[in-house]
Amino acid sequence: MGLRVFNTMGMRKEEFVPLREGEVRIYACGPTVYDFIHIGNARAFVVADVIRRYLEYKGFRVIFVSNITDIDDKMIRRSQEMGLSLQQLGEIYSDAYFEDISALNIKKPNISPRATQHIPEIIEAIRKLIEKGYAYQVDGDVYFDVTKFEGYGKLSGNKMEALEMGARIEVNPKKRNPADFALWKAQKEGEPGWHSPWGWGRPGWHIECSTMAMKYLGETIDIHMGGKDLIFPHHENEIAQAEALTGKTFARYWLHNEWLTVEGEKMSKSLGNFITVRDALKMYSPQVLRFFLISAHYRSPVDFNKENLRVAKTNFERITNSLERLLSLKERAEKKGDEDALLLEVKEAKKRFEEAMDDDFNTPLAIAAIFDIVKAINTYADRNSEIESSVKNEVYEIMKTLMEGILGIRVEVERKDAGQALLVNSLVELILEIRHEMRRRKDWKMADEIRERLQALGFIIEDTPQGTKWRLRRE
RNA sequence: GCCGGGGUGGCCGAGUGGCUAGGCGGCGGGCUGCAGACCCGCUGACAUGGGUUCAAAUCCCGUCCCCGGCUCCA
């Protein structure tokens, strides 16, 4: 079963073939650690995480590198505002970044290189670019000459002439061409800097990614990804730098995710609709947030609003409800009911899930396959109160693999008999026994009041033909 | 100005030529003392005007509208 991905380079779906068989090397552009990450960042990271998990599921050995940008204009400005050193600022927010992605169940990158820890490599790369004639030095700045790199603009589709006519307000007079970009910036008053052959200064925006990607993943990597805003100029420039240096294809597949909007608008601090992952997690569980983020295809926009999150929550609950029903079925040694039909439907749905993911990671379609499993479980549970043990386990394991292993959405059903919950269990069971007696005597008023009061306390009470069931409401 | 993406039922959201996803909601039915959960059925769509075709949401042309990139941004 072949995997197909949409490659921004060429703008079409292609069969995915890694450079080395059985191994995939991924570089995903990470955060600039000058503030908490927001839900737009979260989308990009979740998308990358799902892709990584799916490739691992398919049996590839994945090496996943995601950088941390800890030196740039924003970092400098923020550190001055907060009265912190660049290093302090970077530590605070990179710690926060790791906490946030962990809260969202995003797997940690294998390597998280920081720009400031690769200054010697960056300087060396720039030195070579000058030596090869792709870059030039002016007053302590170093610029990349885009006219020297054939194919500049091939990723974004921008034409050189168009770029030069762009609505740039001020063209830096030091540049030979308006589209040239900085590899090294000379130190300004009060700014941090490193010693270099061109004097004190700091790296430009794009060189860190090319340098670190090649250091850890080799001259040609398999997948390079990020938000679509990075296509130009960031990734275009990365290509120019890396390929000028090596003469080899920098990345074989370029994957870019669409925007996340808030109430239909782009997120920005000035609009006041800037939502950090931390704030979002105060309102919604990580599971619901993740479910929401992948409920649209990664190349389609997705809107963060109450209704969409409400639906994500409802949908997620529908899935966990069915798993709870499955687990509450009594086990038996033999197949006596619809076990074969259930297993067949589940396996077919699993196949549809994989086909959907194989087609450029079509998560909405994959989720539809999950709902097919949900329906199969519910239908089975409507007709049977017991299930053969191995079928039960297999169905549960499949759901767990698809939901948790691949989509990264935890569905672990809380164990009612765990630890101190034991006492709560006994008490609830006792109350329900008393209520059962009231229902037997048709004292509906009292029985309903007990149910309402328990619900107010966060218990969900359901009367079924098999008796009364209860569980804790999950948030 | 240049380049790109898109307009699908009340809402979200798949689908790139025939087999008309899925979810949420609404309506009806079942199960229920009621509620909930769940099952079954119904509802309902391809922005618009042409064209190609035996057949178009899907291809071609025109029109209208929305969004993005060309500047920091996931």
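Below, chains carry the letters A, B, ... as their sequence lines are ordered, and counting in each starts from 1.
In terms of modelled atom types and a separation under 3.5 Å, the side chain of A:Asp70 and the main chain of A:Arg114 share no donor-acceptor contact.
Where A:Val311 and A:Arg435 meet RNA chain B, the nucleotide closest to each residue was compared, and A:Val311 sits on the side nearer the 5' end.
The two residues A:Ile275 and A:His38 make their nearest non-hydrogen contact at O-CB, 3.1 Å.
In this structure, A:Asn378 reaches the B:rC39 phosphate: one of its side-chain N or O atoms is under 4.0 Å from OP1 or OP2. Dashed line: the shortest gap from a side-chain N or O of A:Asn362 to OP1 or OP2 of B:rG15 is under 4.0 Å. Applying the 4.0 Å criterion to OP1 and OP2 of B:rA14, one finds that A:Ser300 has a side-chain N or O inside that range.
At a cut-off of 3.5 angstrom, the base of B:rC73 holds at least one donor-acceptor pair with the side chain of A:Lys266.
The 12-atom threshold is not exceeded at CZ of A:Arg383, counting heavy atoms of other residues, nucleotides or ligands nearer than 6.0 Å.
Below 30°, between 30° and 60°, or above 60°: for A:His224 and A:Trp254 the angle between ring planes is below 30°, a parallel geometry. Aromatic ring orientation, A:Phe144 versus A:Phe181: parallel (interplanar angle below 30°, classes split at 30° and 60°). Between A:His118 and A:Tyr216, the ring planes lie perpendicular to each other; the angle is over 60°, past the 30° to 60° tilted range. A:Phe304 and A:Phe292 have perpendicular rings, their planes meeting at more than 60° on a 0 to 90° scale where under 30° would count as parallel.
As rounded to whole Å, 19 Å separates atom P of B:rC73 from atom CD1 of A:Ile39. In this structure, A:Glu258 places its CD atom 7 Å from C1' of B:rG68, rounding to the nearest Å. The distance between atom CZ of A:Arg299 and atom P of B:rG15, rounded to the nearest whole Å, is 8 Å.
Within residues 438-446 of chain A, the residues having any heavy atom under 4.0 Å from RNA chain B are, by residue number, A:Arg439, A:Trp444.
Of the C1' atoms belonging to B:rC24 and B:rU43, the separation is 14 Å, rounded to the nearest Å. Comparing the C1' positions of B:rU16 and B:rC11 gives an interatomic distance of 25 Å, to the nearest angstrom.
Relative to the side chain of A:Asp372, the nucleotides B:rC38, B:rG5, B:rG22 differ in distance, and B:rG22 lies closest.
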